[in-house]
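See below for the structure under consideration.
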Amino acid sequence: MASLNRVFLIGNLTRDPEVRYLSSGKAVGDLRLAVSRRYKTATGEERDETCFVSVVVWGRQAETCGQYLAKGSSLFVEGRLNYEEWEKDGQKNNRLRVVADRVQFMGAPKRAEYSDSADSAAGVPARSGAREEAPAEPPPDTGNDDNLPF
Amino acid sequence: MASFNRAMLIGNLTRDPEVRATPTGISVADLRLAVNEDYKDKNGQVVKRTCFVDVVVWDKQAELCRKYLTRGSTVYIEGRLQMDEWTTQDGQKRSKIRVRADRVQFLGSPKGAGSAPQGSRDEDFPLPAEDLEEAAPVDEAG
């Protein structure tokens, strides 16, 4: 029987990735993605609609998510819908989550690996901005932001 | 900010479409889709996995769904994920992900096609395959 289950999303994280490890040593990352859409009502009014999607990332990709993503990070996710059912207090619950096959980071990483301790020492609040962009660029591109197509 | 939201599914309806109308007279169809997938686990064992997805279809397409789809029908759905939020009677917030369909493509024959009823037609499917297997050795012998 023919079957297809594919989801493509681009959105922003509503919170830092939560990465944990199974007893087997395999990493699992839980991401909460906000995907917004702007549309016009019948009266021509512009409105935003946001869809919050829970995304599960496995293995090495989960670890990279934990390392490079933070609340607000923009990312592309490709995966499948996964139906989960469980029972709590005798009540049946279910939900749909996206299990990611591919996670593509969009935009600058949250911080350069080496500046981790420096950030907290300086007491700089989590505001991203220019400070993060500099170390994020690959070396040949330094200072050439204007040429980027986005 | 860049944003993208697209889901593509092929599955079978677990029940007949439920079609209602909004107060303004627009038709809305609720479909319940079972997307079956087979995958191999670590030991090479084939495991079946079913994903149940609620799909919302609007307007003219909803009417077509009512007309042509029934429990068991195979459909291709393309649309976007949509989050619906509501508060339960005891004040708890709940949310649910559904697919809001932009495109519904009927796969397989329509329900009123005059062919064999759905149930028996499904049972007929393995037969041609068996015929082929039987035929193959004969060909080799000849």
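Order of the sequence lines fixes the chain letters, A, B, ..., with proteins taken first and strands second; residue numbering starts at 1 for each chain. Only a predicted model underlies this, so the values are computations on that prediction, with no experimental measurement involved. Side chains included, hydrogens not; waters and symmetry mates left out as well; all remaining heavy atoms used.
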Legend entry - Residue pair A:Ser36 / B:Ser3: nearest heavy atoms and the distance that separates them: O-OG, 2.6 Å
Legend entry - Co-membership, hydrophobic cluster, residues A:Val98 and A:Val19, 4.5 Å side-chain: no
Inset, instruction - May I ask you to test the B:Leu9-A:Leu4 pair for a side-chain heavy-atom distance under 4.5 Å? - result: no
Legend entry - Hydrophobic cluster identity match, A:Val7 and B:Phe52, side-chain contacts under 4.5 Å: yes
Inset, instruction - First locate atom CG of A:Leu96, then atom CD1 of B:Ile97, and finally report the distance between them rounded to the nearest 0.5 Å. - result: 7.0 Å
Inset, instruction - Quick one: pull up CZ in A:Arg95 and CZ in B:Arg94 and give me the separation to the nearest 0.5 Å. - result: 12.5 Å
Inset, instruction - Name, in order of residue number, those residues of residues 74-87 of chain A that have a heavy atom at a distance of less than 4.5 Å from a heavy atom in chain B; otherwise write 'none'. - result: A:Ser74, A:Arg80, A:Leu81, A:Asn82, A:Tyr83
Inset, instruction - Indicate, with yes or no, if A:Leu33 and A:Val56 share a hydrophobic cluster defined by side-chain heavy-atom contacts under 4.5 Å among Ile, Leu, Val, Met, Phe, Trp and Tyr. - result: no
Inset, instruction - Not counting sequence neighbours, list each pair that qualifies as a ring pair (Phe, Tyr, Trp, His ring centres under 6.0 Å) and has a residue in residues 5-54 of chain A. - result: none
Inset, instruction - Let me know if A:Thr50 has heavy atoms under 4.5 Å from chain B in its side chain, its backbone, both or neither. - result: backbone
Legend entry - Side chain, backbone, both or neither of B:Arg98 within contact of chain A (heavy atoms, under 4.5 Å): neither
Inset, instruction - Treating Ile, Leu, Val, Met, Phe, Trp and Tyr as nodes and any side-chain heavy-atom pair under 4.5 angstrom as an edge, say whether A:Val28 and A:Leu69 lie in one connected cluster. - result: no
Legend entry - Straight-line distance of A:Leu9 CG to B:Phe4 CZ, nearest 0.5 Å: 9.0 Å
Inset, instruction - Check whether any side-chain N or O of A:Ser3 sits under 3.5 Å from a backbone N or O of B:Ile10 as a donor-acceptor pair, and report yes or no. - result: no
Inset, instruction - State the CZ-SG distance between B:Arg100 and A:Cys51, to the nearest 0.5 angstrom. - result: 13.0 Å
Inset, instruction - May I ask whether A:Ile10 and B:Met8 are part of the same hydrophobic cluster, defined by side-chain heavy atoms of I, L, V, M, F, W, Y residues being less than 4.5 angstrom apart, directly or through others? - result: yes
Inset, instruction - Can you measure from CD (A:Glu49) to CG (B:Asn5) and round to the nearest 0.5 angstrom? - result: 8.5 Å
Legend entry - A:Asn12 versus chain B, the contacting section by heavy-atom distance below 4.5 Å: side chain
Legend entry - Pairs of heavy atoms under 4.5 Å with chain A: top-ranked of B:Arg80, B:Lys96, B:Glu37: B:Arg80
Legend entry - Pick from B:Cys51, B:Gly11, B:Ser95 with the largest number of heavy-atom pairs that fall under 4.5 Å of chain A: B:Cys51
Inset, instruction - Anything in residues 38-48 of chain B with a heavy-atom distance to chain A below 4.5 Å? Please list those residues in order. - result: none
Legend entry - Listed partners of B:Arg6 passing salt bridge (Lys or Arg N to Asp or Glu O under 4.0 Å), at least two apart: B:Glu78, B:Asp102
